[in-house]
Amino acid sequence: MNAFICMFLVFGVVKAYDFSDSIFNDHLNQIYYTLDNWQHERIRRNAEDVELKCRKPPPPMPKPCCAQDSFRDLMDKEREVLRDCFKEVVGEEHHPGRSNHPNKFDMFSCEAVEKRKNDIICIKQCLGSKLGLVNKDGKLDQAQIGNYVKSTFKNEAWLSPLADQIIGKCLVEAESVAPPKFHIEKLKPCKPSVITFKHCLDREIQLNCPADQIHNQESCERFRNHLNHKNDFDEDQPMMGPPDDD
């Protein structure tokens, strides 16, 4: 894997995850809104009503090509740690989803959206630290990351011969990212290496699914087309709207 990583370093610095992938954003939305029970149903309905008045509903998100069970197991395994990180980063008393909070999340506020993006980056970085995937210097631990990914996807036999290549590529992408730039001066950006690695890993696994592992060919084609062209069918979708109910 070391040789593979060195080969990729010639490409230099790349951009951190920039929230331009609406499918991955939808995944992040689901995490953010389901980590706790603070987002009341009434608030969700009100937010959805406002959203529907402002724009036409986007088409349904295409389903991943393969490895859904492994990704679902990963989410279940990380849920409690994510919950702790959520509380550390956002704080219960500061949570804008509470109905009595004076600063409820405003999807039309650039400042609120930037803070939400940074919160998600920080939550993911906190997750990596608590799982031992980030070392004391704040960098991804190559050995720990490799073991974690291979353990998570141990039931995906087709992935084994590709694992080192994908992990190496995503490690380089994650560690070569430029820090995120926000317009809010008081906002302290977190290192985006974990969220960038996760986005890369999701993308590379879906792009490499073999034909005999694809559950729905039509949906998979839409998913892959989106990964290759990003904003091909839902470019107007807001970054942080409420999640779907499925």
Please examine the side chains of [Y] and [X], heavy atoms only from C-beta on, and report whether any two atoms are closer than 4.5 Å.
{"X": "Q206", "Y": "L227", "value": "yes"}
{"X": "L133", "Y": "V194", "value": "no"}
{"X": "Q125", "Y": "P192", "value": "no"}
{"X": "L140", "Y": "V134", "value": "yes"}

Is the charged tip of K124 near the ring of F197: under 6.0 Å from the six-membered ring centre and within 45° of its axis?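 The answer is no, since K124 fails at least one limit relative to F197.
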Begin from the C-alpha positions of L131 and Q144 and carry the test side-chain contact (heavy atoms from CB on, under 4.5 Å) through to its verdict. CA-CA 9 Å; L131 293 176; Q144 291 292 91; over 6 Å; no
Does atom NZ (K77) have a neighbourhood of more than 12 heavy atoms from anything else shown, all under 6.0 Å?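 Result for NZ/K77: enclosed.
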Just wondering, are more than 12 heavy atoms of other shown residues or ligands nearer than 6.0 Å to CD in Q217? yes
Which pair of heavy atoms, one from [X] and one from [Y], lies closest together, and at what distance?
{"X": "E173", "Y": "T196", "answer": "O-CG2, 3.9 Å"}
{"X": "G138", "Y": "S193", "answer": "O-OG, 4.1 Å"}
{"X": "F223", "Y": "C65", "answer": "CB-SG, 4.5 Å"}

Hydrophobic cluster membership, V81 vs Y148, 4.5 Å side-chain cutoff: yes
Only one of K198, K169, R224 passes salt bridge (Lys or Arg N to Asp or Glu O under 4.0 Å) with E204; say which it is. K169
What do you reckon, C126 and C85 SGs under 2.5 Å?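 Yes, because the SG atoms of C126 and C85 sit under 2.5 Å apart, which meets the disulfide cut-off.
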Run the salt-bridge test on [X] and [Y] with the 4.0 Å N-O cut-off and return the result as yes or no.
{"X": "D119", "Y": "R116", "result": "no"}
{"X": "E80", "Y": "R83", "result": "yes"}
{"X": "K87", "Y": "D84", "result": "no"}

Given C122 and C190, is the disulfide (SG to SG under 2.5 Å) satisfied, shown in steps? CA-CA 5 Å; C122 293; C190 289; 1.9 Å; yes
Checking C66 against C220 for the disulfide (SG to SG under 2.5 Å) test, could you report, in this order, the C-alpha distance in whole Å, the side-chain angles of both residues, the deciding distance, and whether it holds? CA-CA 8 Å; C66 66; C220 179; over 6 Å; no
